[in-house]
Every structure is written in C-alpha cells, then in structure tokens.
Amino acid sequence: MAQEYKLKGVTALSLSPGDKQEVEVEGLDAKVLLLNAGGKIQAVGPKCTHYGAPLVKGILGTNGKLTCPWHGACFNGKTGDIEDAPGLDSLPVFKTVERDGAVYITGDADTIKSGRRRPNFKCSATGGDKILVVGGGSGSLGVIEGLREKGFQGPITLISNEGYLPIDRPKLSKALITDPLKLQFRDDEWYKTGSVQVVKEEVTGVDFGSKTVTTKSGGKFAYTKLVLSTGGTPRLLPLQGFKVLGNIFTLRNVHDAKKIVDAIGEKNKKIVIIGSSFIGMEIAVATSGGNDVTVVGMEKAPLERVLGEKVGNLIKSGVEAKGVKFYLSAGVDKAEPSESDPSKVGSVLLKDGTKLEADIVILGVGVAPATEYLRDNSVLRLEPDGSLKTDESFSVVGLKDVYAIGDIATYPYHGPGGEGKYVRIEHWNVAQNAGRTVANHIVNPSLEPQFFTPVFWSALGAQLRYCGNTMANGFDDVVLQGETDKGSWVAYYTNGNTVVAMASMGKDPVMAQSAQLMQLGRMPTKDKLEAGFDVLSLGPPQ
C-alpha cells in the first residue's frame with residue numbers, strides 16, 4: 001500500500017532543470033533519485049534497470065531524457081518509461097511534495113526498494129493481426145514487449161531454435177555463464193501473462209505469399225506481420241584441421257559456453273583464441289584466470305578496425321596485464337592434432353612458422369547474418385553479406401508486413417556522418433531498439449521512426465564504453481583526451497571535422513553525454529575537441 005516517506009536531509013525542492021540528486025528514504029533501506037525533468041521535480045528509481053548503474057552519474061537533458069552512464073539506456077525523466085535499450089524495465093515515479101521544511105515522496109515500500117517498474121504486459125490475446133517473431137535475442141523481446149506496452153491485443157508467437165527463452169547474450173563472452181536461467185530476461189510465466197506463445201524450434205523456410213513459416217519438425221505458422229530476428233552465425237576458418245579436430249569452439253549461445261567451460265575443466269589449459277575483435281578479447285579476459293591464454297589477430301592492434309591502432313594498443317596493454325599474450329599481424333596456417341589424442345587439437349601453426357600449443361582453440365573471427373533459411377527463397381533477395389535491406393522502420397525493402405532487426409538487418413544510418421548510408425550494426429542495444437521501432441510501426445504506421453545512438457560496452461580488463469558508428473563512412477582521425485596511463489581517457493573518432501563515434505574508459509558520463517549530443521546533432525566538432533574542449537562543460541543537453 002502506498003504511503004508517505006520523508007527524504008533524508010532534503011529541505012526544499014530547488015533543483016534546476018537537468019539537475020539530479022540521490023537521496024535516502026527515511027524508514028526504508030532504499031534511495032531515490034530526485035530530478036528536475038524539464039521543469040518537473042519528482043523522484044524516480046535511482047539505478048538503471050539493466051545492470052544497476054547509478055543514474056545520478058548519468059546525463060539528464062533539459063528535455064527530460066535520462067541516459068545511463070554505463071550502457072546508454074535512456075529513460076523518460078517525466079514518466080520513468082524506458083525509451084532506449086539496453087534494459088526492459090522502466091523506473092517507478094513517486095509523487096513528491098515539499099512541506100514544513102522537508103520533502104516527502106508517496107509510494108509502495110516494495111516498489112521504492114526495487115527501484116523498477118515492469119512494463120504493462122498482461123494480455124488475453126483476442127483476434128486481429130497475428131505477429132510472428134523468429135529468433136530469441138534482445139531484439140525479439142524488444143518488439144514483443146513494445147507491442148504489449150503500446151496496447152497491441154492480438155496473438156504473438158515467438159519461435160527460437162536455442163532451446164531456452166531470450167537471454168542477455170553479451171554476458172556469454174564476458175563471463176561464460178552456462179545456466180540459461182541466470183541469463184534469461186523473463187521467465188515462462190511472464191510470457192504466459194502476455195499471451196505470447198513460445199515455440200522452441202528451428203525455422204526452415206518462409207512463404208511470403210501465403211504468409212506462413214515452416215519449422216524443421218514440419219510445423220506451419222501463419223502470420224499477419226512477420227519480424228525476423230535470427231541474429232548471427234559464428235564464422236569458421238576454412239583451413240586444415242579446423243573442421244575436423246575436437247576442442248575447437250565458437251561462442252554464440254549457452255550450449256557453446258557450456259562446451260568451453262567443460263573443456264577448460266579445472267583450468268591450467270593452454271587456450272589459443274583466434275581473432276582480436278570484441279568476442280575474442282572478451283573471451284581472453286574471461287578465461288585468463290588460471291589458464292595460459294594467447295590471442296592471434298590479423299590486425300596490427302586488437303580491435304584496430306573499430307577503435308584504431310592507438311586505442312587498440314591501449315586495450316592491449318590492459319589485457320596483457322591479465323597475463324594474456326598476443327601474436328598480431330599474424331596469419332593462421334592450420335590446426336594440428338594432439339599427440340596424446342589425435343581427435344583433438346594440439347597446436348595452431350601460424351604462417352610464419354610459429355607453433356602455438358593448444359588444449360583448446362576458440363574462434364572469434366566474426367559472425368555472418370543467420371539467414372540460411374532464406375537463401376533459396378524465390379521472392380527475397382539477400383544482400384551480398386547475407387543480410388536483409390530495410391528502411392528506417394526496419395521494414396524489409398520490397399516486402400509487405402515483414403521486418404528485420406538485429407544482426408541480419410542492413411538499414412540507413414542517420415547518425416553523425418552517416419548521411420543515410422546503409423549499415424549493419426551488431427550491437428545488442430541496436431537490436432532491442434530496432435525491436436521497439438518495429439513495435440511502434442506496427443501499432444502506428446504513420447509514426448516517424450526516431451534515430452537512436454548505437455551504444456555498446458565491453459569488459460576488457462576495464463570497462464570500455466562506446467557510442468556512435470564508424471561503419472557508414474569510416475573515420476580519418478582520433479582525438480584522444482585524458483590520462484591514458486591511468487586508464488581514464490576518451491577517444492573521439494572523426495571524419496573531417498565531424499565526430500562520428502567515441503570510446504572511453506574511466507569516463508562513463510562522457511559516453512552518456514555524447515550519446516545524447518549525437519542524437520540531438522549537437523556533438524562538438526573535431527577542432528574544438530583538439531583544443532581540449534570538455535563535452536561535459538555543455539551542461540544538460542537540450
């Protein structure tokens with residue numbers, strides 16, 4: 001039952017627009033965040049509902065948009081609603097009053113303590129449009145929850161071939177968690193309350209004419225509107241030994257993580273990771289404790305394609321501190337069998353003749369769009385990389401009532417320097433935000449889609465934050481600010497005088513500020529940043 005609680009140490013509601021203050025609630029072991037969202041002062045939950053980042057360190061624009069400092073999740077400071085991924089739950093909002101030199105909030109004790117508000121999801125599905133969602137990633141859950149939040153009452157079916165409910169996939173490479181119950185966003189009961197039918201099968205084909213989807217077991221599912229969100233398939237190496245020897249793994253799902261963890265066993269293993277991009281680097285960090293880990297990369301520096309050589313070498317130093325060794329600018333020749341067990345890998349031979357002993361090999365050489373079930377479709381033409389071309393609403397170009405989101409979608413990018421060029425972005429938050437965009441379009445097709453800033457984060461010895469995108473037109477320079485020797489720095493990626501992306505360590509609020517500024521088209525120019533301009537000095541974005 002809702003009741004009134006006093007806020008400790010607060011005597012007046014005197015915050016300026018964009019200001020915020022984390023305060024304790026008397027009588028409860030809990031805190032709330034006081035904020036002024038566009039002139040409205042009130043209290044909300046104090047932490048991001050995704051991984052619990054303290055929102056007092058986030059950025060609150062004078063338009064009321066509150067951005068998480070860790071992962072870029074955005075909340076409406078006036079309503080508490082979550083507006084940008086990552087994250088699914090919204091913030092509770094508490095009525096706030098000033099009286100007799102004190103400030104009070106009104107709310108339910110359990111809600112104040114939890115600091116989160118689940119979406120309006122309950123539904124007894126009636127007739128009307130049938131929504132069919134193929135794939136079990138964050139994008140799928142984004143569209144499903146987005147539809148119910150916006151009042152869609154028709155039947156929804158989710159088909160996934162992974163054997164479990166949608167999970168928080170980034171945790172796989174960051175922590176090698178093998179229990180899907182610890183990774184899933186929602187449980188079975190949640191989907192039932194929203195009248196969502198969950199089918200654990202593999203889709204083998206789509207008949208766009210009759211609007212039906214077929215599965216491996218022979219099942220047929222009709223749809224009115226179809227959302228394809230099948231993610232990526234890890235790439236393999238077409239080299240001698242890699243297709244036939246055991247203990248060579250990729251990582252995409254819980255089953256893969258379990259195989260890797262089982263193979264490591266009691267540790268003390270020689271692990272060779274091929275690929276120096278994010279998956280490979282995160283696995284290196286996750287397995288470095290108690291094992292001998294080596295990363296082989298074709299680039300001059302880890303993550304060079306995305307972050308550039310200078311920043312890549314900063315990351316490399318942090319990962320080396322965990323005992324990981326690197327062979328860079330290297331080519332792989334073949335995998336050789338173990339002398340003790342010829343069915344398993346024993347070493348990796350590089351093109352320069354270097355032989356790396358290996359009990360386990362993990363491939364982190366990228367993913368391809370998981371669209372095999374569409375390759376022979378006579379109606380659809382895939383892009384050269386196997387993806388589906390969409391418009392800004394993620395509607396598949398040339399098809400009616402079909403959407404594509406996540407790793408399989410190539411869409412026009414309208415962020416800084418993007419100029420509407422088509423890109424395919426493999427970020428968790430892009431998939432979920434695309435799902436929300438699709439939900440909006442299904443419920444209200446006349447609604448113009450809103451640009452969202454791509455954001456990702458990575459556990460690389462320290463936490464890397466990144467927002468923006470360089471894939472549209474690349475970058476030609478990097479402006480570095482901060483103290484790189486102390487792990488507190490910001491790198492701005494520029495194309496001409498335009499900042500198209502940024503990465504940071506130890507400067508989390510800068511990422512939150514930059515994400516909002518990019519969305520508003522107000523990011524400072526390269527020449528200002530080269531002169532030492534601090535983006536936080538702009539104050540709350542508006």
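The pair R436-E83 does not meet the salt-bridge criterion, since no charged nitrogen lies less than 4.0 angstrom from a carboxylate oxygen. Checked for salt-bridge contact, D262 and K258 meet the test: a charged N lies under 4.0 Å from a carboxylate O. Looking at R252 and D407, a side-chain N of the basic residue comes within less than 4.0 Å of a carboxylate O on the acidic one, giving a salt bridge. Salt bridge status for R117 with D89: absent, with no side-chain N to carboxylate O gap under 4.0 Å. Note on R424 versus E426: salt bridge recorded, some NZ/NE/NH1/NH2 to OD/OE distance being below 4.0 Å. A salt bridge is absent between K171 and E282; no separation between the charged side-chain nitrogens and carboxylate oxygens falls under 4.0 Å.
Atom NZ of K192 and atom CG of D187 lie 9.0 Å apart (nearest 0.5 Å). A distance of 7.0 Å separates CG of D168 from CG of L183, quoted to the nearest 0.5 Å. Once rounded to the nearest 0.5 Å, the distance linking OG1 of T484 with CH2 of W489 reads 9.0 Å. Here the straight-line distance linking atom OG of S173 with atom CE of M281 works out to 12.0 Å at 0.5 Å rounding. A distance of 13.0 Å separates CH2 of W190 from CD of Q184, quoted to the nearest 0.5 Å. One distance of note links CG of N313 with CD of E320; it measures 8.5 Å at 0.5 Å rounding.
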Item to check | H71 vs F456, ring-ring contact (aromatic ring centres under 6.0 Å, His included): CA-CA, chis, key distance, verdict | outcome: CA-CA 6 Å; H71 309 113; F456 74 80; over 10 Å; no

Checklist entry - Taking it one step at a time, do E145 and R186 satisfy salt bridge (charged side-chain N to carboxylate O under 4.0 Å, His left out)? => result CA-CA 11 Å; E145 293 202 348; R186 309 292 195 198; 2.7 Å; yes

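Looking only at atom types and distance, the side chain of S138 has no donor-acceptor partner in the side chain of Q432 under 3.5 Å away. Side-chain contact of S217 with E201: a donor-acceptor pair under 3.5 Å is present, judged by distance alone. Residues E299 and S276 have side chains that bring a donor and an acceptor to within less than 3.5 angstrom of each other.
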Validation: residues 358-373 side-chain donor-acceptor distances under 3.5 Å, sequence neighbours left out:
residue, atom, partner, partner atom, Å
D359, OD2, K270, N, 2.7
T371, OG1, G386, O, 2.6
E372, OE2, T233, OG1, 3.2
Y373, OH, T230, OG1, 3.0

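By the ring-ring contact (aromatic ring centres under 6.0 Å, His included) test, F75 is found to be paired with no residue, residues two or more places apart in sequence or in another chain being considered.
For D376, the CG atom is loosely surrounded, since the number of other residues' heavy atoms within 6.0 Å does not exceed 12.
E309 has its side chain out of reach of K316: every pair of non-hydrogen atoms, C-beta onward, lies at least 4.5 Å apart.
Geometrically, K389 engages Y422 in a cation-pi contact defined by less than 6.0 Å to the ring centre and at most 45° from the axis.
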